[in-house]
Amino acid sequence: RIHRGMCFARPSLLSNLDLSLLRESQSPFISEKKSILSLCSNYDRSKSMLTGPLHVLIVALLVSPAAAWTSPKPSNSNSFQTVLKMTVTSDIPKPKLPIPGPICSDKKGTWAYDTMSRRVDEEILQRTFEDNQEAFETEAFKPVLERFQQLREELRSCSKLTMLDDLPADASETRKREWNEWKEILQPFLDKGDTWLSAPWMVTEFYVYRRLIQAIGFWDEGTAGYMYDPFVKQKRAGLESSVGSAEPMLEKIPNLPKTAEGIDLAASIALWGNKMDLSIWPADAANADIDIFSSILESATENLLHDDLGALAEHCESLRSKGGGMVDIIVDNAGFELITDLALAQHLLESGIASCVTFQLKSHPTFVSDALEKDLLEHVEHYAALDPSKYPNAQKAGEKWKQFLKEEKWKCQEDNFWVQAYAMWDMTEPLRSNLRDRCDLAFVKGDANYRRLLGDRMWDLTAPFSDVVGAYFPCPVCALRTLKAEIGCGMDAAQIEKAKKLDDSWQVNGRFGVVHFGKGAGR
């Protein structure tokens with residue numbers, strides 16, 4: 001429907017444009033396609049003002065002189081041709097400050113280097129093998145184990161990156177779109193011959209888990225690996241061990257005041273839940289009856305390197321005064337941290353800050369403990385089924401959470417974007433437009449999500465969060481992060497110096513945290 005050259009359409013005709021074909025197409029003009037969808041989306045929202053025979057809408061300019069394009073490279077039916085990007089004006093916001101270069105993993109002594117040269121293989125994938133050894137060594141899983149070992153060998157030898165395997169001819173449009181998005185992410189580094197260490201850290205670390213999913217055959221119907229979660233054992237252990245710490249905490253949640261102090265405490269609980277990140281600390285079921293949370297909460301204030309709880313509370317008060325807003329929680333880990341997210345969502349709803357809470361979740365297993373929709377639902381069911389004589393508060397909370405889901409006051413949404421290596425300012429559609437048009441506040445949880453907020457780049461640690469993330473994020477945003485990587489922004493200089501003196505590993509061990517709030521790019 002969209003031809004090379006100028007394409008004009010009267011508003012009265014635009015409704016006939018088949019946008020679904022455009023969204024599903026495997027067009028090589030990736031950035032232009034996003035711009036078209038954005039323009040059409042803008043038309044949709046304002047068509048009452050655009051009616052009339054004289055109005056003309058420029059939908060897209062997809063062509064320039066032939067010399068502007070490279071010769072297409074050979075490709076299979078699932079890939080798009082590599083083309084030079086045109087210089088186009090984009091209304092998609094970016095950080096206000098100059099964007100630094102990406103972090104790579106080739107500098108010895110850094111957390112990134114240790115992660116990609118050692119920890120991913122020796123700790124994470126080794127434990128994944130041990131947790132799944134019984135299944136992996138069966139005849140049905142033989143191809144899975146071969147692909148799994150091949151991935152480990154690539155990491156050990158620091159080989160060049162390779163593209164995902166070609167999709168079958170009958171692959172769904174969803175799978176083709178996801179494949180092509182990874183092609184877009186990887187192509188610059190494939191062209192340069194980058195390795196697992198020389199390519200940007202965010203790209204390689206996310207890609208390890210995508211390759212693991214390929215090795216398992218997670219989306220390959222009729223195979224042993226179809227929908228097989230290699231991290232389920234660790235996530236369930238984290239769920240079971242969460243109850244002892246959650247029981248006293250969940251006693252407090254219903255009684256939090258409907259004031260600034262209430263949201264401060266609920267957000268602090270959600271922040272320090274990151275202490276239970278299973279990718280660094282293994283879940284210990286033996287501690288299920290021990291309240292290990294109170295000591296963490298006591299240090300919440302002294303270990304904050306930036307505190308925007310006041311600005312967050314002010315925004316929440318404005319939502320409460322309007323009868324509640326649409327609030328999203330971009331979820332990180334399962335286990336105790338997810339329980340603190342559910343507690344935060346409970347307070348948001350019961351205090352009148354939110355009329356509906358949407359949980360943004362991963363679309364496939366990744367980063368060991370990251371939560372999918374099935375994990376969230378399993379957590380809710382597990383708590384609702386607890387013995388009320390032993391865990392009265394946790395069991396009551398579980399029943400309440402089930403009701404929230406049933407009444408659709410809580411909703412779950414999975415998206416491939418949350419498991420991809422895009423910087424968040426390159427958020428894909430329709431997710432970006434959905435957040436911009438619907439969401440009144442988004443909580444971003446965890447370190448991997450925070451790294452993506454910064455594009456995994458080395459900003460000045462004191463660069464204002466409002467000029468980096470607040471300048472582009474599609475809606476008001478609150479980042480709750482404990483530091484587990486050597487990047488950051490918006491931190492107080494005096495607090496940074498204090499942290500350096502207290503702990504040599506202050507940037508990577510999760511001891512220190514930040515609460516950032518930004519107004520977002522607006523609607």
Side-chain angles (χ1 to χ4, degrees), residues 172 174 177-178 209 213 218-219 227-229 231-232 235-236 238-239 242 246 250 253 266 270 273-274 278 324-350 353-385 394 397-420 424 427-446 448-449 452 474-475 477-478 480:
S172 69
T174 299
R177 183 165 59 251
E178 188 266 351
Y209 293 98
I213 290 306
F218 184 77
W219 287 305
M227 292 293 153
Y228 182 86
D229 186 346
F231 305 129
V232 69
K235 287 188 280 191
R236 284 179 178 164
L239 168 59
S242 70
L250 291 172
I253 294 298
N274 285 343
L278 300 182
M326 307 293 285
V327 180
D328 284 25
I329 299 177
I330 301 171
V331 173
D332 190 28
N333 295 312
F336 179 68
E337 184 185 339
L338 179 53
I339 296 302
T340 65
D341 295 343
L342 299 176
L344 171 61
Q346 178 181 333
H347 177 71
L348 291 168
L349 206 59
E350 292 181 333
I353 294 170
S355 57
C356 177
V357 176
T358 299
F359 297 95
Q360 297 284 349
L361 298 146
K362 307 300 193 295
S363 61
H364 67 65
T366 191
F367 279 85
V368 182
S369 54
D370 283 20
L372 286 66
E373 179 177 0
K374 72 175 182 65
D375 299 316
L376 186 148
L377 298 178
E378 182 178 7
H379 282 50
V380 170
E381 290 292 340
H382 182 83
Y383 270 61
E399 289 290 351
K400 185 175 293 187
W401 299 340
K402 283 183 66 175
Q403 192 64 27
F404 289 157
L405 288 164
K406 182 179 180 180
E407 296 173 355
E408 296 190 337
K409 293 178 180 178
W410 282 5
K411 298 179 180 180
C412 296
Q413 178 176 322
E414 291 185 344
D415 198 285
N416 287 326
F417 178 76
W418 305 122
V419 291
Q420 294 172 331
M424 283 207 192
M427 188 177 291
T428 53
E429 292 290 356
L431 179 61
R432 177 194 294 274
S433 295
N434 178 270
L435 288 176
R436 180 193 63 207
D437 300 341
R438 175 191 56 79
C439 187
D440 298 300
L441 172 62
F443 287 92
V444 179
K445 290 294 306 297
N449 285 330
R452 294 182 68 194
C475 64
V477 56
C478 175
L480 303 174

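Nothing here was measured: the structure is a model prediction, and the numbers come from that model.
Contact annotation: the side chain of Leu431 approaches that of Trp418 to within less than 4.5 Å [non-hydrogen atoms, C-beta and beyond]. For the pair Asp370/Tyr209, no side-chain contact is recorded, criterion being any heavy-atom separation below 4.5 Å from C-beta on. No side-chain heavy atom of Glu378 sits less than 4.5 Å from a side-chain heavy atom of Glu381. Residues Arg177 and Thr428 fail the side-chain proximity criterion, which asks for heavy atoms closer than 4.5 Å. Between Ile339 and Trp401, some side-chain heavy-atom pair lies under the 4.5 Å cut-off. Side-chain contact between Leu348 and Phe443: present, with at least one pair of heavy atoms (C-beta onward) separated by less than 4.5 Å. Put simply, the side chain of Val331 does not reach to within 4.5 Å of the side chain of Lys445, judged on heavy atoms.
Here the side chain of Glu429 pairs a donor or acceptor atom with the backbone of Ser433 at under 3.5 angstrom. Remark: side-chain polar atoms of Asn434 are not paired, donor with acceptor, to backbone N or O of Pro430 under 3.5 angstrom. A donor-acceptor distance shorter than 3.5 angstrom exists from the side chain of Asp440 to the backbone of Met326, with no hydrogens or angles considered.
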Could you walk me through whether Lys409 and Gln403 pass side-chain contact (heavy atoms from CB on, under 4.5 Å), step by step? CA-CA 9 Å; Lys409 293 178 180 178; Gln403 192 64 27; over 6 Å; no
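For the pair Ala442 and Cys475, the tightest heavy-atom approach, listed with the atom from each and the gap, is CB-SG, 3.8 Å. Between Leu349 and Cys356, the closest heavy-atom pair is CD1-N, 4.0 Å. Counting all heavy atoms, side chain and backbone alike, Phe367 lies closest to Phe231 at N-CE1, 4.4 Å. The two residues Val327 and Ile353 have their closest heavy-atom pair at CG2-O, 4.5 Å. Here the closest non-hydrogen pair linking His347 and Ala266 is CD2-CB, 3.8 Å. When all heavy atoms of Glu373 and Glu414 are compared, the pair lying nearest together is N-OE2, 2.9 Å.
Atom OG1 of Thr366 and atom CG of Leu372 lie 9.0 Å apart (nearest 0.5 Å). Atom NE2 in His379 sits 4.5 Å away from atom CG in Leu239 (nearest 0.5 Å). Atom NZ in Lys235 sits 3.5 Å away from atom CG in Asp375 (nearest 0.5 Å). How far CG of Asp341 is from CG of Asp332: 8.0 Å, rounded to the nearest 0.5 Å. From Ile330, atom CD1 reaches atom CG of Asn449 across 6.5 Å, with rounding to the nearest 0.5 Å. For the atom pair Cys412 SG and Leu376 CG, the distance stands at 4.5 Å (nearest 0.5 Å).
Taking 4.0 Å as the cut-off between side-chain N and carboxylate O, Arg438 and Asp328 count as a salt-bridged pair. Between Glu350 and Lys400 there is a salt bridge, with a side-chain nitrogen of the basic residue lying less than 4.0 Å from a carboxylate oxygen of the acidic one.
Remark: Phe359 engages Trp410 in a ring-ring contact (aromatic ring centres under 6.0 Å, His included) (not counting sequence neighbours). Annotation: ring-ring contact (aromatic ring centres under 6.0 Å, His included) contacts of His382 (sequence neighbours excluded): none.
Relative ring orientation between His364 and Trp219 is described as perpendicular, the plane-to-plane angle rising above 60° on a 0-90° scale split at 30° and 60°.
Screening Val357, Leu338, Val444 for a side chain to side chain contact (heavy atoms under 4.5 Å, CB included) involving Ile329 leaves a single residue, Val357.
Within the cation-pi definition used here (under 6.0 Å to the ring centroid, within 45° of the axis), Arg452 qualifies as a partner of Phe417.
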